[in-house]
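Counting starts at 1 for both ligands and their atoms, in listed order. Because the structure is predicted, anything quoted here is derived from the model rather than measured.
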Amino acid sequence: MAEKITAYRFDCLADTLSQMNRETCTIFAGGTDIMVLHKHRRGVPPKIPMPMVFIDHLSELKQVYQNNDDLHIGACCTYSELLENPLIPFALKQAMKTIAAPAIRNRGTLGGNICNASPAGDTLPLLYVYNAKLLLRSVNGERLVEIRDFVQGPRRVQRLHNELLTEIILPSVWKEDAYVIFEKVGNRHADAIAKVSFAGFIRIRKDRIDDIRLAFGAVGPTILRSVDMEKKLLGKMIPLADSDIAAIVADFAKMIRPIDDQRSTAVYRKTVALNLLRYFLSLKSS
Ligand SMILES: Cc1cc2nc3c(=O)[nH]c(=O)nc-3n(C[C@H](O)[C@H](O)[C@H](O)COP(=O)(O)OP(=O)(O)OC[C@H]3O[C@@H](n4cnc5c(N)ncnc54)[C@H](O)[C@@H]3O)c2cc1C
C-alpha cells in the first residue's frame with residue numbers, strides 16, 4: 001500500500017506560519033529541487049520525510065514592489081513571472097533566462113533558489129553583488145539577514161525551523177547607477193547547470209572606480225565574494241592598468257579552490273573563473 005504523507009496548504013501566510021511553529025515541516029515552493037532531492041526509484045513517488053507545507057500559492061509571497069529605491073521581490077515569484085515583470089533588473093533577468101527550460105521556470109521560485117543554497121544556483125552571484133537582504137518571517141516576528149550570512153553551504157542556510165523566507169530585497173537598486181553583468185558557463189546555453197558563473201558590478205565616477213563587487217558561482221561551497229579584494233580596486237583610474245588587473249587576478253587565483261565533479265574539473269573551473277574576472281575588469285577599460 002502507498003505510504004501516506006501529511007501535506008498542508010493554507011489560505012494565508014499567518015496560518016502557514018502557525019503550523020510551522022507547531023511542527024517542523026518541509027517547505028514546498030515550486031518543488032523543483034525538493035522532488036529531485038527526495039527522488040526514489042523510477043515510477044515511485046519521492047519520499048519526503050516530514051509533513052510538507054505548500055507555499056507557492058500564497059499571495060503574500062508573490063508581490064514585487066518598489067519601496068523608495070529598494071526593490072522587494074516575493075520569495076514565491078516564479079522565474080517566468082519575474083521575467084515578465086518590468087521592475088526586475090536586466091542582469092537578473094539574463095540569469096533567470098539561463099535557468100533550466102520553460103517548464104522548470106514556470107515552477108521554480110527565486111526563494112527556492114536561495115534556500116536550496118547550491119553554489120551553482122544561478123541567481124545567487126547576482127544577489128550577492130546586489131547586496132541582497134532577505135526578510136524572514138515567523139510567528140515571533142520578522143528579521144532581515146544579508147544573503148552572504150544566510151547561505152552557509154550547499155543546502156545549508158541560517159533559518160529557524162519556524163521561519164519562512166518571504167521577501168528578497170535589493171537595496172537602492174535604482175540609485176546605484178552601476179553596470180552589472182552575469183556570465184554562466186555550462187555545457188550549452190539553456191537547460192544546463194553552471195560549471196562556473198560570475199557576476200560583476202561596477203560604478204564609475206569621474207573616471208575612477210567608485211564601487212565594485214565581484215562574485216563567483218560553482219567554485220566553492222558557497223558563492224565567493226571578497227570585499228577586501230574589491231576595496232583594493234576602489235578609487236583606481238579607468239581604464240585599469242594591466243598590472244592592476246594582473247594583481248587582482250593573482251589574488252583571486254589564491255582564493256578560488258573549486259572541486260572536480262560530474263559537471264567539470266577544478267582546473268577548468270578555476271581557469272574560466274579567472275578569465276571571466278579578467279574579461280570584466282578589462283571590459284570597462286577599453
Ligand atoms: C531539470 C532541472 C533543471 C534545473 N536547472 C537549474 C539551473 O539551470 N539553474 C539553477 O540555478 N537551478 C536549476 N534547477 C534547480 C531549481 O529549479 C531552482 O533552484 C529553483 O529556483 C528552486 O525553486 P523551487 O521553488 O522549485 O524550490 P523548492 O524545491 O520548492 O525548494 C528548494 C529548497 O528551498 C526551501 N524553500 C523554498 N522556498 C522557501 C521559502 N520561501 N522559505 C524557506 N525555505 C524555502 C525548500 O524547503 C527546499 O529546501 C534545476 C532543477 C531541475 C529539476
Side-chain angles (χ1 to χ4, degrees), residues 7-9 13 16-17 19-20 24-39 46 48-63 72-83 92 94-128 132 134-138 142-143 145 147 150-169 182-197 199 217-218 223 263:
Y8 301 105
R9 190 177 189 278
L13 180 60
T16 307
L17 293 177
Q19 185 60 38
M20 287 175 59
T24 304
C25 296
T26 297
I27 300 164
F28 195 108
T32 61
D33 277 317
I34 287 181
M35 296 298 274
V36 175
L37 179 66
H38 296 291
K39 77 173 183 273
I48 297 181
M50 282 180 278
M52 290 193 293
V53 62
F54 291 100
I55 60 165
D56 62 317
H57 60 290
L58 294 173
S59 58
E60 297 96 324
L61 306 182
K62 293 188 79 75
Q63 314 292 326
H72 292 239
I73 306 172
C76 280
C77 293
T78 64
Y79 298 120
S80 300
E81 287 161 350
L82 295 175
L83 281 168
L92 194 51
Q94 272 187 313
M96 290 174 187
K97 276 187 197 156
T98 71
I99 293 179
I104 295 290
R105 292 201 290 269
N106 286 342
R107 289 290 313 161
T109 64
L110 185 57
N113 204 224
I114 296 168
C115 293
N116 192 53
S118 160
D122 282 322
T123 64
L124 296 182
L126 276 169
L127 295 176
Y128 272 61
L134 308 177
L135 185 66
L136 296 163
R137 286 187 61 181
S138 72
E142 55 184 42
R143 66 185 174 110
V145 194
I147 189 158
F150 184 70
V151 176
Q152 309 270 296
R155 296 211 186 91
R156 273 196 309 119
V157 293
Q158 194 215 79
R159 182 184 72 80
L160 300 175
H161 80 92
N162 65 347
E163 284 180 321
L164 257 188
L165 169 62
T166 54
E167 280 184 11
I168 297 97
I169 302 168
F182 173 74
E183 296 289 339
K184 167 177 174 177
V185 178
N187 269 348
R188 52 189 176 187
H189 279 307
D191 217 355
I193 305 286
K195 290 171 190 276
V196 57
S197 58
I223 301 300
R263 250 173 249 133

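Looking at atom 3 (C) of ligand 1, its nearest protein heavy atom turns out to be Ala100 CB, 3.5 Å. Closest to atom 53 (C) of ligand 1, if we only count protein heavy atoms, is Thr32 O, 3.4 Å. Summary of contacts: the protein heavy atom closest to atom 49 (O) of ligand 1 is Ile34 CG1, 4.5 Å. What sits closest to atom 21 (O) of ligand 1 on the protein, heavy atoms only, is Tyr79 OH, 2.4 Å. Looking from atom 11 (O) of ligand 1 to the surrounding protein, the closest heavy atom is Asp122 N, 2.8 Å. Protein heavy atom in closest approach to atom 12 (N) of ligand 1: Asn113 ND2, 3.8 Å.
Residue contact check: Ile193 has heavy atoms under 4.0 Å from atoms 4 (C), 5 (N), 6 (C), 7 (C), 13 (C) of ligand 1. Near Ile99, with a cut-off below 4.0 Å to any heavy atom, the atoms of ligand 1 are 6 (C), 7 (C), 8 (O), 9 (N). When each atom of ligand 1 is checked for a heavy atom of Val36 under 4.0 Å away, the hits are 53 (C). Annotation for ligand 1: atoms under 4.0 Å from non-hydrogen atoms of Gly121 are 11 (O). Taking every heavy atom of Lys184 and a limit of under 4.0 angstrom, the matching atoms of ligand 1 come to 8 (O). In the vicinity of Ala29, heavy-atom distances shorter than 4.0 Å reach the ligand 1 atoms 25 (O), 30 (O), 37 (C), 38 (N).
At under 3.5 Å, a nitrogen or oxygen of Thr109, whether backbone or side chain, sits near a nitrogen or oxygen of ligand 1.
Here CD1 of Ile48 is found 13.0 Å from NZ of Lys39. Values are rounded to the nearest 0.5 Å. The CG atom of Asn116 sits 5.5 Å away from the CZ atom of Arg155 when rounded to the nearest 0.5 Å. The structure places CD1 of Ile193 at 8.5 Å from CD1 of Ile99, a figure rounded to the nearest 0.5 Å. With rounding to the nearest 0.5 Å, the separation of CD1 in Ile55 from CZ in Phe28 is 10.5 Å.
With a heavy-atom cut-off of 4.0 Å, Ala75 touches ligand 1 through its side chain alone. No part of Met35 comes within 4.0 Å of ligand 1, judged by heavy-atom distances. With a heavy-atom cut-off of 4.0 Å, Ile55 touches ligand 1 through its side chain alone. In Ile104, the part holding a heavy atom less than 4.0 Å from any atom of ligand 1 is the side chain. Counting heavy atoms closer than 4.0 Å to ligand 1, residue Arg105 contributes nothing at all. Under 4.0 angstrom from ligand 1, the non-hydrogen atoms of Ala192 all belong to its backbone.
A salt bridge between Arg107 and Asp56 is present, with a side-chain N of the basic residue lying under 4.0 Å from a carboxylate O of the acidic one. Ion pairing of Arg143 with Glu163 is present here, as a side-chain N (NZ or NE/NH1/NH2) and a carboxylate O approach within less than 4.0 Å.
Side chain of Lys195 to backbone of Arg263: a donor-acceptor contact under 3.5 angstrom is found. Proximity of a side-chain donor or acceptor of Lys184 to a complementary backbone N or O of Ala192 within less than 3.5 Å is detected. Not a single donor-acceptor pair under 3.5 Å links the side chain of Thr109 to the backbone N or O of Gly30.
Nearest-residue assignment for atom 41 (N) of ligand 1 (options Ile27, Leu165, Thr166; heavy-atom criterion): Leu165. Among Ala103, Gly30, Gly112, the residue whose heavy atom lies closest to atom 32 (C) of ligand 1 is Gly112. Compare Cys76, Gly74, Cys115, Gly31 by their heavy atoms: the one nearest to atom 36 (N) of ligand 1 is in Cys115. Looking at Asp33, Thr98, Thr78 and measuring to atom 15 (C) of ligand 1, the nearest heavy atom belongs to Asp33.
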Step by step, work out the side chain to side chain donor-acceptor pair (under 3.5 Å) result for Thr78 and Asn106.
CA-CA 6 Å; Thr78 64; Asn106 286 342; 5.9 Å; no
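By the definition of a contact as any protein heavy atom under 4.0 Å away, atom 9 (N) of ligand 1 is in contact.
At a 4.0 Å cut-off, not a single heavy atom of Thr26 sits close enough to ligand 1 to count as contact.
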